[in-house]
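Below is one structure, written out as structure tokens, with a few remarks after it.
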Amino acid sequence: MILIVNAGSSSIKFKLFDIHDINNPSAKLEGIAERIGIDGKIKINFNQQKTETNQTLSNHKNAVEAILKQFKILKVIKNENEIKAIGFRIVHGGVNISQPCEINEEIKAIIADNVKLAPLHNPGALMAIEAFEKVLSNAKLVACFDTAFHQSIPINNFLYATPYLWYEKYRVRKYGFHGISYEFISQRMAKILNKDLKNLNLIICHLGNGASICAVKSGKSFNTSMGLTPLAGLIMGTRCGDIDPSIIEYMAKQLNQDVFSLTKILNQESGLLGMSEVSSDMRDVISAANNKNTKAQLALECYYQQIADYIIKYANQLEGSFDAIIFTAGIGENDPLTRIKVCEKLPILNLKIDNKNNEQSHNDYLKISSSTSKYSIFKVSTNEELMICNQCLKFLPK
Ligand code: ADP
């Protein structure tokens with residue numbers, strides 16, 4: 001089995017894959033250990049049954065031990081040695097990492113070095129790695145980075161117009177995120193379209209709570225909407241996306257707050273939530289808009305427009321030569337209205353949606369453009385955990 005881990009400073013999300021059929025790993029259970037260092041709770045979803053146990057989790061090592069104990073209680077494993085590898089989702093690998101790596105002291109030092117670029121994410125990942133190293137010392141530990149796929153972005157697309165020294169000395173540049181999802185979708189599309197990945201150009205819209213767009217050129221990331229941090233680009237559930245940077249100074253003076261609390265507002269109280277004053281959850285915003293809430297209606301209009309604006313920019317950067325536009329993640333996969341509205345705002349691309357397929361539920365993927373559309377449009381389910389699991393398999397003996 002392979003365990004996939006996404007850890008924060010007070011939580012560890014996990015998903016266990018059975019790899020008996022290595023060509024087709026199957027998810028066995030998933031869950032979360034949360035409130036680590038506060039009190040502690042473990043929630044597990046196994047065989048369509050949910051279990052929830054309260055127990056003291058004073059640190060990440062305690063949490064890892066408690067998770068494994070639950071696996072045994074549920075009879076998912078008899079023995080820890082059945083877990084052959086652990087794949088960690090790591091948010092930031094900086095400029096040094098462009099592919100999954102087996103974790104060693106050097107990789108841990110790189111993750112630690114990038115804490116300053118991802119202070120909310122990398123420390124939790126490091127704590128989880130160290131906990132698993134102690135508790136499951138025989139397993140292979142593999143790190144998969146959200147930034148890695150974007151290391152192919154050319155400098156003219158990743159550089160900001162700030163002093164060059166900021167880039168050279170402080171590493172201020174676009175890194176991009178959601179790379180594990182983009183890599184999964186690119187590989188999936190190569191199969192769906194029966195094309196060599198090297199010849200594939202795509203515009204992928206990953207629209208979840210966090211949201212970004214990626215232009216894939218010749219199978220590699222060419223540009224993406226998130227930046228130094230995941231705050232830039234599209235309007236998200238609670239994040240503002242692109243804004244004039246001077247707003248920070250202006251509002252600091254108006255509210256008499258420092259830059260840190262303002263950045264927190266831009267991360268946690270902006271986006272769909274901030275604009276609609278209803279919710280960060282797309283379903284709530286849609287339902288408020290349907291009930292004639294004008295702020296919710298306006299938030300949605302801005303949300304669709306921003307996506308369309310990025311698509312047109314990337315369509316231009318790909319010189320109009322791309323194989324498909326893909327919608328993925330919670331909103332991208334499940335909300336027919338977002339797909340219609342975004343495409344309506346792209347008259348230059350002459351997109352035509354097949355309404356029946358757009359509304360139809362899908363398993364894996366569905367083409368939603370009609371035969372008269374200038375470009376193909378798909379909705380495709382992303383599966384970041386499976387992508388990490390497949391990456392881990394490469395590090396295990398055949
Ligand atoms: P995360 O970034 O946390 O992984 P997800 O990819 O799960 O997020 O996406 C969560 C978003 O997807 C929420 O805004 C949720 O409202 C939205 N969503 C999920 N299902 C639907 C649906 N059927 N219609 C519209 N939005 C949906």
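The basis for the numbers below is simple: all heavy atoms, side chains too, and nothing from hydrogens, waters or symmetry mates. Numbering of ligands and ligand atoms starts at 1, following listing order.
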**OP:** For Gly237 and ligand 1, answer yes if some heavy atom of the residue is under 4.0 Å from a ligand atom, otherwise no.
**Re:** no
Original post:
Would a line drawn from the ring center of Phe14 to the ring center of Phe71 be shorter than 6.0 Å?
Top reply: yes
Original post:
Is it true that a side-chain atom of Asn122 and a backbone atom of Ile111 form a donor plus acceptor pair closer than 3.5 Å?
Top reply: yes
Original post:
Right, does atom 24 (N) of ligand 1 have protein non-hydrogen atoms nearer than 4.0 Å?
Top reply: yes
**OP:** Kindly say whether the aromatic ring centers of Phe158 and His150 come within a distance under 6.0 Å.
**Re:** no
Subject >> Distance from atom 14 (O) of ligand 1 to nearest protein heavy atom, with residue and atom >> reply: Met282 N, 3.0 Å
Original post:
Who gets closest to atom 22 (C) of ligand 1 by heavy atom: Thr382, Asn6, Thr328, Asn334?
Top reply: Asn334
Original post:
So Glu385 and Arg89, salt bridge (charged side-chain N to carboxylate O under 4.0 Å, His left out) or not? Walk me through it.
Top reply: CA-CA 8 Å; Glu385 293 89 359; Arg89 178 180 182 176; over 6 Å; no
**OP:** Taking the six-membered ring for Trp and the single ring otherwise, decide whether the centroids of Phe132 and Phe88 are under 6.0 Å apart.
**Re:** yes
**OP:** Using a strict 4.0 Å cut-off to heavy atoms of Ala329, name the atoms of ligand 1 that fall inside it.
**Re:** 6 (O)
**OP:** Spell out, as yes or no, whether a donor-acceptor pair under 3.5 Å connects the side chain of Ser261 to the backbone of Asp258.
**Re:** yes
Original post:
Can you list the ligand 1 atoms lying under 4.0 Å from a non-hydrogen atom of Gly210?
Top reply: 2 (O)
**OP:** Give yes if a backbone or side-chain nitrogen or oxygen of Gly330 is under 3.5 Å from a nitrogen or oxygen of ligand 1, and no if not.
**Re:** yes
Subject >> Residue, atom name and distance, where the atom is the protein heavy atom closest to atom 17 (C) of ligand 1 >> reply: Ile331 CG1, 3.5 Å
Original post:
Which residue supplies the protein heavy atom nearest to atom 2 (O) of ligand 1, what is that atom called, and how far is it?
Top reply: Asn209 N, 3.0 Å
Original post:
Counting distance only, does the side-chain N/O of Arg339 pair as donor-acceptor with the main-chain N or O of Gly332 below 3.5 Å?
Top reply: yes
Subject >> Option with minimal heavy-atom separation from atom 15 (C) of ligand 1, where the choices are Leu207, Asp281, Leu272 >> reply: Asp281
**OP:** Could you please spell out the steps behind the salt bridge (charged side-chain N to carboxylate O under 4.0 Å, His left out) verdict for Lys134 and Glu130?
**Re:** CA-CA 6 Å; Lys134 289 193 189 109; Glu130 280 167 359; 5.8 Å; no
Original post:
Would you say ligand 1 has an N or O under 3.5 Å from any N or O of Ile286?
Top reply: no
